[in-house]
Amino acid sequence: MLKYKLSLPKRVALNFVMKFWPALLLSFLYVNTFAQTKEVSGIVFDKDSKARLARVNVLNVNSGKAVYNNFKGEFSVDARPGDILVFSKPDHYSDTIKIKNYTALAIYLKPNAIALREVTIRDSFLSPQRRLANTQSEYSKIYGSRYNPDLLNVGSGGIGFSIDALYNAFSKSGQNAEKLRGIIDAEYRQNVIDYRFNKAFVQGITHLEEPKLTDFMHKYRPGYYLVTTASDYEFIDYIRKNLKRYQRRPNAYELAPLPPVTWEPDTK
C-alpha cells in the first residue's frame, strides 16, 4: 500500500480548510444569495380612478428597507422571490404582496374616502335656500317691511322702540305671524338636513338596504349645526362611525312599545 506524504505547506492548508469549512460554506451561501438580490419595479395606480399614485411608501418587510415611488407612480426596490412588500399611502388602504419573480408589478390601492361627484341642481329640484325664498315670497305679509325682529330701533333721533316690533309682540295677528315664521324656519332647517343627509348619499356610504336604511337614518339623523358646518370628510366620517354603532346595536334608540289600551263601550 502506497502512502503519500504531504509537504508542510499542504498540511497547513488542509488543516485550515477542515477547521474553518463551516464558516467558508456560510460565506459562500451568503455571497450567492446576495448575488441573487435584484430590483423589483412597477407602477402604483388608484383602484377607482386608475390614475397613477405618487408618494407611495414601498416597504420590504424582510430586509426592512423602504422607498417612495416617484411622481409618475413608478418604483424600484431591492427584493428577491419570497420577500413581502407593503404599499401604503395616508389616503388609501395599504396592500401587501409576496414577490414571486422579477416581473414588473401593477399595484392598485383603494382610496379610503369617497370622492363626491359634482352635482348640478336643476330648477325642478330646489335647494332649501330657494324653497325658503319662495315661501317668504308667498307669505310676504309676515316677511314684509313690517317684519322687524329688533325691539329697539336706531334712528336720527337716537334709540327708540320699534313700532313694528311692538305690534308683532303684543297684537294677536303679530303673535300669529311670529308663530308661523317659527314653523317656516324650523321646516327650513329640516329641509337643509334632508338635502345633505339624503337616502342616495347615505346608501352610497353605508350600502344598507331597506328597511335598515330608513331605520339607520331615523336613529342617527344629524343636527342642523353639524350639517351646515361639517366638511365632506367630517360628514362621511360621522356616518361611518354611526354605522359601526348601528351594526353593533341595531335595536338601540328604539321607542318603547306603547302600553296596551283596552276600551269598553259605555252601555249605560
Side-chain angles (χ1 to χ4, degrees), residues 13 16-120 196 198-209 213 216 230-248:
F16 177 82
V17 172
M18 295 299 294
K19 184 176 182 180
F20 295 100
W21 73 267
L24 293 173
L25 179 60
L26 291 177
S27 299
F28 174 77
L29 293 177
Y30 175 80
V31 172
N32 187 46
T33 303
F34 181 79
Q36 293 178 356
T37 302
K38 299 179 181 179
E39 286 189 344
V40 175
S41 58
I43 304 176
V44 184
F45 299 91
D46 185 285
K47 189 172 184 179
D48 292 346
S49 66
K50 304 302 184 291
R52 297 192 180 197
L53 291 179
R55 300 296 297 172
V56 177
N57 183 271
V58 185
L59 170 66
N60 187 328
V61 177
N62 298 76
S63 65
K65 294 182 179 180
V67 298
Y68 281 97
N69 66 341
N70 58 24
F71 289 101
K72 296 182 180 180
E74 302 167 350
F75 68 91
S76 292
V77 58
D78 291 336
R80 62 176 180 267
D83 286 359
I84 303 296
L85 299 184
V86 178
F87 298 82
S88 59
K89 186 175 174 65
D91 53 352
H92 286 69
Y93 292 105
S94 300
D95 192 13
T96 303
I97 65 168
K98 185 176 182 179
I99 300 299
K100 297 181 180 179
N101 48 50
Y102 292 101
T103 304
L105 301 174
I107 306 300
Y108 293 88
L109 299 184
K110 184 176 180 59
N112 55 24
I114 298 176
L116 301 179
R117 294 179 297 176
E118 183 179 356
V119 178
T120 302
R196 193 173 188 186
N198 58 79
K199 282 191 175 182
F201 179 74
V202 175
Q203 187 178 40
I205 299 172
T206 62
H207 304 291
L208 292 174
E209 300 292 340
L213 177 61
F216 169 77
S231 64
D232 290 339
Y233 178 82
E234 292 171 339
F235 197 61
I236 292 173
D237 184 60
Y238 164 84
I239 295 175
R240 286 178 172 171
K241 287 181 178 178
N242 284 311
L243 175 63
K244 293 181 180 179
R245 298 188 181 99
Y246 179 76
Q247 290 172 338
R248 288 196 301 264

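Remember, predicted model here, so these are calculated numbers, not experimental data.
- With rounding to the nearest 0.5 angstrom, the NZ atom of Lys89 is 7.5 Å from the CG atom of Asn69.
- Annotation: salt bridge (charged side-chain N to carboxylate O under 4.0 Å, His left out) contacts involving residues 56-66, sequence neighbours excluded, are absent.
- For the salt bridge (charged side-chain N to carboxylate O under 4.0 Å, His left out) condition, the pairs that include at least one residue of residues 93-110, sequence neighbours left out, are Asp48-Lys110.
- A distance of 7.0 Å separates CG in Asn112 from CZ in Arg240, rounded to the nearest 0.5 Å.
- Residue pairs meeting the salt bridge (charged side-chain N to carboxylate O under 4.0 Å, His left out) criterion with at least one member in residues 67-76, sequence neighbours excluded, are Arg52-Glu74.
- Here the CD1-CZ distance, from Ile205 to Phe235, works out to 7.5 Å after rounding to the nearest 0.5 Å.
- Applying the ring-ring contact (aromatic ring centres under 6.0 Å, His included) definition to pairs two or more places apart or across chains, those involving residues 41-77 are Phe45-Tyr108, Phe75-Phe87.
- Of the inter-residue distances, the one linking Tyr238 atom OH with Leu243 atom CG reads 12.0 Å to the nearest 0.5 angstrom.
- Of all the heavy atoms in Ser76 and Val67, the pair that sits closest is O-CG2, 3.7 Å.
- Distance alone, capped at 3.5 Å, places no donor-acceptor pair between the Asp83 side chain and the Ser63 backbone.
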Quiz item: Yes or no on side-chain contact (heavy atoms from CB on, under 4.5 Å) for Asp232 and Arg196, after CA distance, side-chain angles and deciding distance?
Solution: CA-CA 10 Å; Asp232 290 339; Arg196 193 173 188 186; 3.2 Å; yes

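- Distance OH/Tyr246 to OG1/Thr206: 9.5 Å, rounded to 0.5 Å.
- Partners of Arg245 by side-chain hydrogen bond (donor to acceptor under 3.5 Å, both in side chains), not counting sequence neighbours, listed by chain and number: Asn242.
- Counting only heavy atoms from C-beta outward, the side chains of Ser41 and Tyr102 never approach each other to under 4.5 Å.
- Partners of Asp237 according to the side-chain hydrogen bond (donor to acceptor under 3.5 Å, both in side chains) rule, which considers only residues two or more places apart in sequence or in another chain, are Lys241.
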Self-check item: side-chain contact (heavy atoms from CB on, under 4.5 Å) between Leu105 and Ile99, intermediate numbers included
Solution: CA-CA 9 Å; Leu105 301 174; Ile99 300 299; 3.9 Å; yes

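- A distance of 9.0 Å separates OG1 in Thr96 from CG in Leu59, rounded to the nearest 0.5 Å.
- No option in Ile107, Ile97, Asn62 other than Ile97 meets the side-chain contact (heavy atoms from CB on, under 4.5 Å) test with Leu85.
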